[in-house]
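First up is the structure itself, then whatever we jot down about it.
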Amino acid sequence: MRDTAIAYDEMLSVMGRQMQPNDIRKLTALLGHRDIISLAAGAPSSETFPLEELAEIAARVIRTHGQFALQYGPTRGPQPLIEGIAEMLRGRGIATATPSEVVVTSGSQQGLDLVSRLLIDPGDVAMIELPSYIGGIIALHNAQAEMVGVQQDDGGLIIDDLRQKLAGLLKAGRRVKCIYTIPNFQNPSGVTLAVERREQLIQIADEFDLLIIEDDPYFDLAFTEAARPQPLAALRPERVIYLGSFSKVLAPGLRAAYVCAPAEIAAKVEMAKEGADLSSSVLDQAIVLEALRSGLIEKRLPELRQFYEVRCRAMLNALAEFAHAGARWTRPTGGFFILLELAGKIDATEILMQALDSGVAYVPGQPFFIDGSGANTLRLAYSKETPEKIGEGVARLGRVLQGAQRAEAV
Ligand SMILES: *Cc1c(COP(=O)(O)O)cnc(C)c1O
């Protein structure tokens, strides 16, 4: 029986009380079963999941290694998987990656949560991009970080703005702990951090004695070889906590991702993880290990890159054709997202209902901006729909935006 006299809210911690549903989840609930072209969902296309191969691997893993794969496992992850990930990371230029630096996590989301809690005392400052990833913002928020936004342009984080804000915070006696960045094909903007800025960012981390949290789930989804810059962790591993994931290159339902950090920090991540879940799903990890070891992941990458590049191009072409006058948008060289900046004072949240009624969904940009700016931006994902539907979705959006622009002009 439910006793309504109990004030549950008062029993919660300060943080527990402060937790609120995020806007994207609310939007997903709203989408429900309506027949809408979704440029909202930031997920890989389920068409890309290698179902037959994974079915075969899963059956084999349970039949031949079931007594291992269905038992409790080591917190850090099975040794062969950790070794496989370290080898993969050395291939990415992170030359120092060894098993003692790697911890497997239940998605990068868990990595973000654990790392935030390890670095942040309430009120410590974390520098984040404007805009930044909601999952990272939630993790830092739950660790009670104070987040300070740094401006971005088409070359990513603006170094001068970062330097100025850091100097100001230092002067005000604030304790700045880290910079959280998604340097490649950022979620939500699609922007990539320019090569020369990577060096400068490392210099700043050295100068101000900060750690960099590098969130890089789209590394392997660069459309071309030339579009794949070196991770920050390759430049200065001592300053970087690197997070990667199998979600975007295999399947996010297998909750398998990894943190690569200086050994001392990796050991702390392992201890924090033990308290969170003892270990990630051993079965998921055994499946991922087989996918990695058999070359399945590597083999599919060219096809995956092309899959998303074709969709990105369809969206860019449709924007050129249908966007209203004065709109601007980013031009990703990998990943899933384009950020559209609307002309004038059109508010992307205000016209969302109209867009849904017209049969197209997107995510308003504002929740991604920690300083409350970005009301005239929206995130468009080209990852889930077919090229034809993307074209039609942008055309529908274009009509809504043109209507909003006419209404604004009146
Ligand atoms: C998708 C994504 C991740 C990966 O999340 P998982 O928890 O590994 O599924 C991490 N960071 C960003 C910026 C993402 O877009």
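Order of appearance sets the numbers: ligands from 1, and atoms from 1 within every ligand. No experiment lies behind these values; they were computed from the predicted model shown.
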Closest non-hydrogen protein atom to [atom], residue and atom name please, with distance?
atom: atom 10 (C) of ligand 1; answer: Asp215 OD1, 3.5 Å
atom: atom 5 (O) of ligand 1; answer: Ser108 CB, 4.1 Å
atom: atom 2 (C) of ligand 1; answer: Lys248 NZ, 2.5 Å
atom: atom 15 (O) of ligand 1; answer: Tyr218 OH, 2.6 Å

Any heavy atom of [X] sitting closer than 4.0 Å to ligand 1?
X: Gln186; result: no
X: Phe246; result: no
X: Pro252; result: no

Practice prompt. Determine, for Phe307 and Arg311, whether the Lys NZ or Arg CZ falls below 6.0 Å from the six-membered ring centre while staying within 45 degrees of the axis.
Written response: yes
In short, salt bridge (charged side-chain N to carboxylate O under 4.0 Å, His left out) pairs touching residues 66-81 with sequence neighbours left out are Arg76-Glu270
Considering both backbone and side-chain atoms of [X], is one of its nitrogen or oxygen atoms within less than 3.5 Å of a nitrogen or oxygen in ligand 1?
X: Asn187; answer: yes
X: Ser247; answer: yes
X: Arg255; answer: yes

| request: Applying salt bridge (Lys or Arg N to Asp or Glu O under 4.0 Å), run through Arg328 and Asp154 and close with a yes or a no. | output: CA-CA 11 Å; Arg328 289 183 68 248; Asp154 290 342; 3.8 Å; yes
[X] heavy atoms, cut-off 4.0 Å: which ligand 1 atoms fall inside?
X: Ser245; answer: 6 (P), 8 (O)
X: Gly107; answer: 6 (P), 7 (O), 8 (O)
X: Gln109; answer: 7 (O)

**Message:** Centroid separation under 6.0 Å, is that true for the rings of Tyr218 and Phe336?
**Reply:** yes
**Item:** Pair Asn187, Arg379: side-chain N/O donor-acceptor within cut-off below 3.5 Å
**Value:** yes
Answer with yes or no whether the side chains of Lys299 and Ser294 bring together a donor and an acceptor at under 3.5 Å. no
Only residue of Arg228, Arg92, Arg300, Lys248 satisfying salt bridge (Lys or Arg N to Asp or Glu O under 4.0 Å) with Asp220 is Arg92
Test ring pair (Phe, Tyr, Trp, His ring centres under 6.0 Å) on Tyr258 and Phe246 and set out the steps. CA-CA 9 Å; Tyr258 43 90; Phe246 294 102; 5.5 Å; yes
To the nearest 0.5 Å, atom OG of Ser281 lies from atom CD1 of Ile287 at 7.0 Å
